[in-house]
Amino acid sequence: MKWWTMIKNKYFILFIYLFLLIINSSCKNNEVEKIWMKSIKNYENKDYNQCLVGLNNIIKNHSSSNYAPDSYYLISEIYLNEYKQYDIAVEFLKTIINDYPDSEASKKSLFTLGYINANYIDSFTDAINHYNDFLLKYPNDDLIPSVEYELENLFIIQSKIDS
């Protein structure tokens with residue numbers, strides 16, 4: 001009977017451990033969601049510095065959460081649209097594509113990379129490459145007409161450059 005008690009105790013300890021792990025995970029999800037919501041509120045109130053603090057907190061302390069790629073993306077949007085620091089925005093977008101390739105933010109990042117290269121930093125070859133990558137990875141996406149439109153304009157520019 002002693003061995004049965006030991007087995008029961010091991011299973012009980014395992015059960016407690018798993019239970020605590022689930023509770024801890026749930027608390028972390030609530031914490032990261034609160035940080036995300038506060039960051040969004042700061043963004044909407046145009047308090048970009050505080051928004052960046054919260055987003056960087058998510059990236060640093062919750063990099064495996066679903067909010068991490070979206071945090072990187074929102075940071076890139078701030079640097080792109082509010083600070084006009086295109087090179088920094090590009091680096092954040094590349095991080096998303098490399099570190100979170102299966103996320104929705106990765107798809108948006110690839111499109112945005114093409115757009116920045118075509119419309120802000122005049123790196124037309126890079127823009128064409130990013131848009132072609134988008135066509136290959138997401139052939140049925142709603143953004144395909146926009147990608148094709150951008151590529152048509154880029155081919156016109158490219159042909160002028162070549163001639």
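The basis for the numbers below is simple: all heavy atoms, side chains too, and nothing from hydrogens, waters or symmetry mates.
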Should I116 and T112 be marked as a side chain to side chain contact (heavy atoms under 4.5 Å, CB included) after you check the CA-CA gap, both sets of side-chain angles, and the distance that decides it?
CA-CA 6 Å; I116 291 170; T112 305; 3.9 Å; yes
Looking only at non-hydrogen atoms, find the nearest pair between S103 and P69 and report the distance.
OG-CB, 3.8 Å
With a 4.5 Å limit on heavy-atom distance, are the side chains of D70 and E104 in contact?
no
Indicate yes or no: at least one non-hydrogen side-chain atom of F155 is less than 4.5 angstrom from one of L151.
yes
side-chain contact (heavy atoms from CB on, under 4.5 Å) filter on T125, not counting sequence neighbours, yields N129, Q158
Work out which heavy atom in F124 is nearest to a heavy atom in A118; give both atom names and the distance.
CE2-O, 3.5 Å
To the nearest 0.5 Å, what is the distance between NE2 on H130 and OG on S109?
11.0 Å
For residues 133-158, the salt bridge (charged side-chain N to carboxylate O under 4.0 Å, His left out) pairs (sequence neighbours left out) are K107-D141
Heavy atoms only: give me the nearest I144-P139 pair and the separation to one decimal.
CG1-O, 3.6 Å
Close side-chain approach of Y67 to H62, heavy-atom, < 4.5 Å
no
Minimal heavy-atom distance between L74 and C51, with the atoms involved, is CD2-SG, 4.1 Å
Once you measure the plane-to-plane angle for F111 and Y115, does it fall in the parallel (<30°), tilted (30-60°) or perpendicular (>60°) bin?
parallel
What class does the angle between the rings of Y100 and Y72 fall in, given that below 30° is parallel, 30 to 60° is tilted and above 60° is perpendicular?
tilted
Quick one: do E82 and Y43 satisfy side chain to side chain contact (heavy atoms under 4.5 Å, CB included)? Show the steps, please.
CA-CA 11 Å; E82 310 310 328; Y43 180 78; 4.2 Å; yes
So which atom in S71 and which in L55 form the shortest heavy-atom distance, rounded to 0.1 Å?
OG-CD2, 3.7 Å
Could you tell me if the side chain of Y83 sits less than 4.5 Å from the side chain of I78, heavy atoms only?
yes
Any side-chain heavy-atom pair of S65 and I58 under 4.5 Å
yes
Are side-chain heavy atoms of D122 and N117 found at a separation under 4.5 Å?
no
Kindly check if the number of other-residue, nucleotide or ligand heavy atoms within 6.0 Å of NZ (K46) is above 12?
no
Any chance you could lay out the side chain to side chain contact (heavy atoms under 4.5 Å, CB included) test for I35 and N61, step after step, and finish with the verdict?
CA-CA 11 Å; I35 297 168; N61 298 312; over 6 Å; no
Counting only heavy atoms from other residues, nucleotides and ligands, does the tally under 6.0 Å from OH of Y149 exceed 12?
no
For K108, look at atom NZ and say whether over 12 heavy atoms of other residues, nucleotides or ligands are found less than 6.0 Å away.
yes
Listing, residues 86-99 side-chain donor-acceptor contacts under 3.5 Å, not counting sequence neighbours, or none:
residue : atom : partner : partner atom : Å
T95     : OG1  : E91     : O            : 3.0
N98     : ND2  : K94     : O            : 3.2

In terms of hydrophobic clustering (I, L, V, M, F, W, Y; side-chain heavy atoms under 4.5 Å; direct or indirect links), are I156 and V147 co-clustered?
no
Steps toward side chain to side chain contact (heavy atoms under 4.5 Å, CB included) verdict (I59, I75):
CA-CA 10 Å; I59 290 167; I75 290 171; 3.5 Å; yes
OH-CG distance between Y131 and L136, expressed to the nearest 0.5 angstrom:
15.0 Å
How far apart are the closest heavy atoms of N42 and Q50, and which atoms are they?
ND2-CB, 3.6 Å
